[in-house]
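Predicted, not measured: the structure shown is a model, and the values here were computed from it. In listed order, ligands and their atoms are each counted from 1.
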Amino acid sequence: MRDIIDRLPGSKIREVANAGMGRDDVLAFWFGESDEPTPEAVREAAVASLNRGETFYAHNLGLPELRDSLASYTSALHPAVAASRIAVTSSGVSALMIAMQALAGAGDEVVAVVPVWPNLTAQPAILGATVKRVPLKTHKGAWRLDLDALLGAVTERTAVLLVNAPNNPTGWTLTRDEQQAILAHCRRTGTWIVADEVYERVYFEPGAAAPSFLDVANADDRLVVVHSFSKSFLMTGWRLGWMVVPERFTPAVGKLIEFNTSCAPVFVQRAGLAALESADGFVPDLVQRLKACRDTLVPQLAALPGVQVANPLGGMYAFFRVEGQDDSLAFAKQLVAQAGLGLAPGAAFGDEAEGWLRWCFASRDPGRLTLGVQRLSRFLESIRL
Ligand SMILES: Cc1ncc(COP(=O)(O)O)c(C=O)c1O
């Protein structure tokens with residue numbers, strides 16, 4: 001086996017979850033998904049497809065009708081995007097890997113804004129690239145970009161800049177001005193931007209989506225935008241995503257899809273089409289419900305003594321720290337074992353997030369969040385006694 005694979009750290013979120021999965025007395029908020037199943041109309045579209053016998057290989061780049069539908073969906077949120085720039089992938093994480101396979105090989109430099117969902121930085125490492133981490137800075141519980149530090153880190157030697165905003169785990173979101181400055185800089189250095197915008201619709205500020213690089217870039221800029229059906233359509237288990245790329249790049253992506261997964265399953269793509277058909281009503285409604293969850297959880301967390309937390313503008317996570325708790329993995333394991341509360345340790349997202357905890361607040365029942373805070377509060381009191 002390659003050394004690099006041997007050395008890859010296992011998921012610390014899984015490490016905590018493995019300690020508590022299967023226990024019904026644990027309230028689990030460790031994974032990045034809602035406890036609500038995919039809408040029925042979407043599930044039925046998949047069932048109907050299977051019943052029609054759509055069980056065969058399909059186009060590498062996705063069903064033409066799904067690519068058309070994704071182009072319309074994207075064009076309604078951002079400047080017009082042609083279907084020829086869309087590639088359907090078997091999940092957002094597969095889209096990220098394909099982007100990385102196309103752009104960064106052994107010895108190449110990738111700059112990543114961190115902390116971030118660990119898959120983003122593991123992928124270039126697997127390919128043999130070196131990852132230079134540019135940390136967000138904390139201020140009163142909120143995370144902010146140090147733009148000068150980022151621009152200083154991206155040079156002519158940087159093949160790819162990886163940026164995920166709205167960010168998992170911190171909720172940090174890029175501003176339009178920051179996007180413009182980053183794009184202008186990357187044009188000068190010849191660096192590709194891989195923008196993970198899977199949470200663009202899970203955005204609580206005015207507007208239908210968080211600021212996107214698609215709003216500021218030209219169609220032929222070195223930009224790959226990665227999306228997923230997982231978060232805004234409650235479809236984590238379906239493994240369906242897509243990417244928006246410059247048209248000249250589409251054939252290369254088609255080849256890589258062939259060698260990775262060959263195509264997304266047709267019945268899953270039919271489900272994706274049904275999701276897009278109901279997007280205008282479904283997504284804003286989901287975002288309102290997620291906002292209610294955020295507004296239930298964050299103020300209650302903020303009211304606990306010694307807790308530092310900021311209101312995330314986007315994403316589905318409250319990211320917080322508890323004074324005196326500097327080992328997030330040990331603390332998260334203790335919370336599972338002794339308080340029946342399942343959270344993700346900050347260390348899972350990089351050393352920069354050590355001492356923090358991530359709480360996914362996407363829940364059908366905001367009452368579960370209140371119950372979770374009560375458990376945390378009781379536990380903190382018990383260790384202070
Ligand atoms: C930042 C980020 N990017 C990408 C993904 C991947 O989404 P999926 O592979 O489910 O489409 C996730 C999932 O948690 C994520 O948090």
Side-chain angles (χ1 to χ4, degrees), residues 11-14 17 28-38 42 62 66 70 86-101 110 112-124 131 133 136 143 160-174 193-203 209-210 212-213 224-244 257 260-261 264-265 268-269 271-272 275-276 283 290 312-319 343-346 348-350 352-353 358-362:
S11 163
K12 295 193 173 78
I13 305 178
R14 285 275 169 192
F29 303 102
W30 38 48
F31 295 141
E33 63 186 350
S34 172
D35 52 10
E36 184 173 335
T38 307
V42 176
L66 180 55
L70 283 166
I86 307 265
V88 176
T89 55
S90 301
S91 76
V93 71
S94 179
L96 286 165
M97 189 56 154
I98 285 163
M100 211 42 68
Q101 287 168 347
V110 172
V113 179
V114 295
V116 76
W117 189 52
N119 298 37
L120 268 83
T121 45
Q123 291 173 338
V131 180
R133 301 173 73 89
L136 298 168
W143 294 71
V160 177
L161 167 62
L162 258 177
V163 54
N164 161 231
N167 172 262
N168 173 9
T170 63
W172 161 75
T173 300
L174 271 168
I193 299 171
V194 174
D196 177 337
E197 299 186 357
V198 307
Y199 295 100
E200 76 156 352
R201 301 300 305 276
V202 188
Y203 183 58
S212 165
F213 275 101
V224 174
V225 179
V226 169
H227 279 289
S228 169
F229 283 82
S230 287
K231 313 294 171 174
S232 10
F233 298 103
L234 302 176
M235 292 179 68
T236 48
W238 296 75
R239 318 312 300 129
L240 190 62
W242 75 97
M243 53 213 284
V244 184
I257 291 175
N260 278 274
T261 56
V268 172
Q269 296 194 58
L276 293 175
V283 177
L290 291 174
L313 303 184
M316 2 195 264
Y317 311 102
F319 203 52
L343 304 178
F349 306 91
E352 306 78 12
R358 189 193 73 174
W359 185 319
C360 177
F361 54 70

Which residue and atom name correspond to the protein heavy atom nearest [atom], and how close is it?
atom	result
atom 10 (O) of ligand 1	Ser230 OG, 2.6 Å
atom 5 (C) of ligand 1	Trp117 CZ3, 3.3 Å
atom 13 (C) of ligand 1	Lys231 NZ, 3.1 Å
atom 1 (C) of ligand 1	Asp196 OD2, 3.3 Å

Requested in this report: Rounded to the nearest 0.5 Å, what's the gap from CG on Asn168 to CG on Asp196? Could you check?
Outcome: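 Output value for this atom pair is 8.5 Å.
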
**Report entry** Gln269 side chain to Ala264 backbone, donor-acceptor under 3.5 Å
**Finding:**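 Confirmed, Gln269 side chain pairs with Ala264 backbone.
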
**Report entry** For Thr236, side chain to side chain donor-acceptor pair (under 3.5 Å) partners two or more places apart
**Finding:**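 Counting only residues at least two positions away or on another chain, Thr236 forms a side chain to side chain donor-acceptor pair (under 3.5 Å) with Glu33.
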
Query raised in the report: How would you list, by chain and number, every residue that makes a side chain to side chain donor-acceptor pair (under 3.5 Å) with Ser34, sequence neighbours excluded?
Result: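 Here no residue qualifies.
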
With atoms numbered from 1 as shown, which atoms in ligand 1 lie under 4.0 angstrom from a non-hydrogen atom of [X]?
X	value
Asn164	1 (C)
Arg239	8 (P), 9 (O), 10 (O)
Ser228	7 (O), 8 (P), 11 (O)

Query - Distance-minimising heavy-atom pair for Val42 and Trp238 - result: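 Smallest interatomic distance, heavy atoms only, reads O-CH2, 4.3 Å.
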
Say whether [X], considering both its backbone and side-chain N or O atoms, lies within less than 3.5 Å of an N or O atom on ligand 1.
X	result
Val198	no
Tyr199	yes
Leu240	no

Query raised in the report: Do Phe349 and Tyr317 have ring centres separated by under 6.0 Å?
Result: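 Between Phe349 and Tyr317, the centre distance exceeds or equals 6.0 Å.
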
Query raised in the report: Would you say the side-chain atoms of Ser212 and Glu197 include a donor-acceptor pair closer than 3.5 Å?
Result: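 Present: a donor and an acceptor within the cut-off.
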
